[in-house]
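This report concerns only the one structure given below.
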Amino acid sequence: NFVSLTSKTETLTEPGETTTRRYVTTYGYDVDTGNLLTETLYDKNDAVLLQSTSTYFDESSFSADLMIRNRLEAQTTTDGATTLSKAQYAYDTSGNLTDETHYADATTTYSLHKTHDSFGNVETVTGYDGVMHTFTYDSDGVFVVSDSAPVASAGTYTKTFEHDRFSGSITNATDNSGMQTQSTYDD
């Protein structure tokens, strides 16, 4: 059994206006997995403003010893008639996200590719621009200590990170030009 939000009603009165607007959002779930399948936003006349539909990979396509839920396969958002956005996702057999493809229109796509180490940490990310970032981790394999990427005019750009050992928050970041950013956090 899953406890799930099934609908939400929001009322809004803009500053200076006397008319209250009502928006209703409904949610549809897979009864077996609890995965969100649809999210629909309606206007005050119950016309669809936005609808997002999601599909998920079958869990049997991954390692049998892993309980993997919520591995999104595709998501489409419409205004009720026209597709506004579409995305597809792919995973390795350990359930790590490896590929994301976003469709700007019928012919234009933007892709993101990731590789992972044996702990599931992201090792490389090749972005929409084709630039590959390489990440290294501390000796425990927990915190990113550097991010390197090729730069056409300057060879390789590298940023190193220091972390608070208890919270994991980044306390210092230094790039290869020596520029340093120090961060402090509330307790």
Side-chain angles (χ1 to χ4, degrees), residues 25 27-30 32-41 48-138 140-161 163 168-170 173-177 179 181 183:
T25 306
Y27 305 89
Y29 300 89
D30 181 298
D32 295 323
T33 65
N35 289 333
L36 179 64
L37 300 176
T38 60
E39 180 176 353
T40 308
L41 174 65
V48 173
L49 291 174
L50 292 173
Q51 182 170 42
S52 178
T53 304
S54 302
T55 58
Y56 297 83
F57 280 102
D58 183 335
E59 291 181 7
S60 66
S61 63
F62 297 103
S63 298
D65 59 338
L66 295 176
M67 177 57 181
I68 298 172
R69 180 175 291 154
N70 297 324
R71 296 294 184 228
L72 188 59
E73 180 178 20
Q75 190 168 45
T76 303
T77 302
T78 69
D79 64 3
T82 305
T83 299
L84 303 174
S85 68
K86 183 177 176 182
Q88 288 185 296
Y89 305 89
Y91 304 85
D92 62 22
T93 57
S94 296
N96 298 309
L97 179 64
T98 57
D99 292 286
E100 249 179 80
T101 303
H102 296 268
Y103 298 86
D105 55 44
T107 60
T108 307
T109 62
Y110 299 96
S111 296
L112 184 71
H113 177 73
K114 298 178 182 181
T115 62
H116 301 81
D117 64 19
S118 61
F119 299 107
N121 294 321
V122 175
E123 284 186 314
T124 64
V125 174
T126 303
Y128 303 123
D129 55 4
V131 175
M132 182 192 303
H133 288 258
T134 302
F135 301 95
T136 56
Y137 293 81
D138 63 7
D140 295 323
V142 177
F143 301 117
V144 173
V145 295
S146 73
D147 171 5
S148 299
V151 178
S153 61
T156 301
Y157 175 82
T158 300
K159 194 170 216 176
T160 58
F161 305 96
H163 300 265
S169 300
I170 295 173
T174 307
D175 69 16
N176 53 341
S177 71
M179 180 154 173
T181 304
S183 303

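For reference, positions follow the sequence shown, starting with 1.
- The two atoms that bring V144 and H163 nearest to each other are O-NE2, 2.5 Å, heavy atoms only.
- Distance alone, capped at 3.5 Å, places no donor-acceptor pair between the S94 side chain and the N96 backbone.
- Interatomic distance, L50 CG to L84 CG, rounded to the nearest 0.5 Å: 6.5 Å.
- A 6.0 Å sphere centred on CZ of F119 holds no more than 12 heavy atoms belonging to other residues, nucleotides or ligands.
- The distance from the OG1 atom of T40 to the CG atom of L49 is 10.5 Å, given to the nearest 0.5 Å.
- The structure places OH of Y27 at 14.0 Å from CG of L37, a figure rounded to the nearest 0.5 Å.
- Counted by atom type alone, E39 and S52 present zero donor-acceptor pairs between their side chains at under 3.5 Å.
- Here the OG-CZ distance, from S169 to F143, works out to 8.5 Å after rounding to the nearest 0.5 Å.
- Between the side chain of D92 and the backbone N or O of L97 there is no donor-acceptor pair closer than 3.5 Å.
- Within the 4.5 Å cutoff, the side chain of V48 has no heavy atoms near those of the L41 side chain.
- Under the 4.5 Å side-chain criterion, counting only non-hydrogen atoms from C-beta, T83 is in contact with T76.
- Side chain of T156 to backbone of A149: no donor-acceptor contact under 3.5 angstrom is found.
- Residues V142 and Y137 fail the side-chain proximity criterion, which asks for heavy atoms closer than 4.5 Å.
- Rounding to the nearest 0.5 angstrom, the gap separating the OG1 atom in T158 from the CG atom in D175 is 9.0 Å.
- Looking at residues two or more places apart in sequence or on another chain, you find no ring pair (Phe, Tyr, Trp, His ring centres under 6.0 Å) involving F135.
- Between L36 and Y56, the closest side-chain pair of non-hydrogen atoms falls below 4.5 Å.
- For the residue pair Q88 / Y103, a side-chain donor-acceptor distance below 3.5 Å is found, with atom types taken as modelled.
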Side-chain donor-acceptor distances from residues 120-127 under 3.5 Å, at least two apart:
{"residue": "N121", "atom": "ND2", "partner": "D117", "partner atom": "OD2", "Å": "3.3"}
{"residue": "N121", "atom": "ND2", "partner": "G141", "partner atom": "O", "Å": "2.7"}
{"residue": "T124", "atom": "OG1", "partner": "T115", "partner atom": "OG1", "Å": "2.5"}

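- A donor-acceptor contact shorter than 3.5 Å is absent between the side chain of Y157 and the backbone of S177.
- Under the 3.5 Å distance criterion, the side-chain polar atoms of R71 are left unmatched by any main-chain donor or acceptor of Y91.
- Here the shortest heavy-atom pairing between V131 and P150 reads CG1-O, 4.0 Å.
- With no hydrogens or angles considered, no side-chain donor-acceptor pair links T101 and T109 at under 3.5 Å.
- In this structure, the separation between OG on S148 and NZ on K159 is 12.0 Å, given to the nearest 0.5 Å.
- Ring geometry for H102 against Y89 counts as perpendicular: the plane angle is over 60°, on a 0 to 90° scale with 30° as the lower cut.
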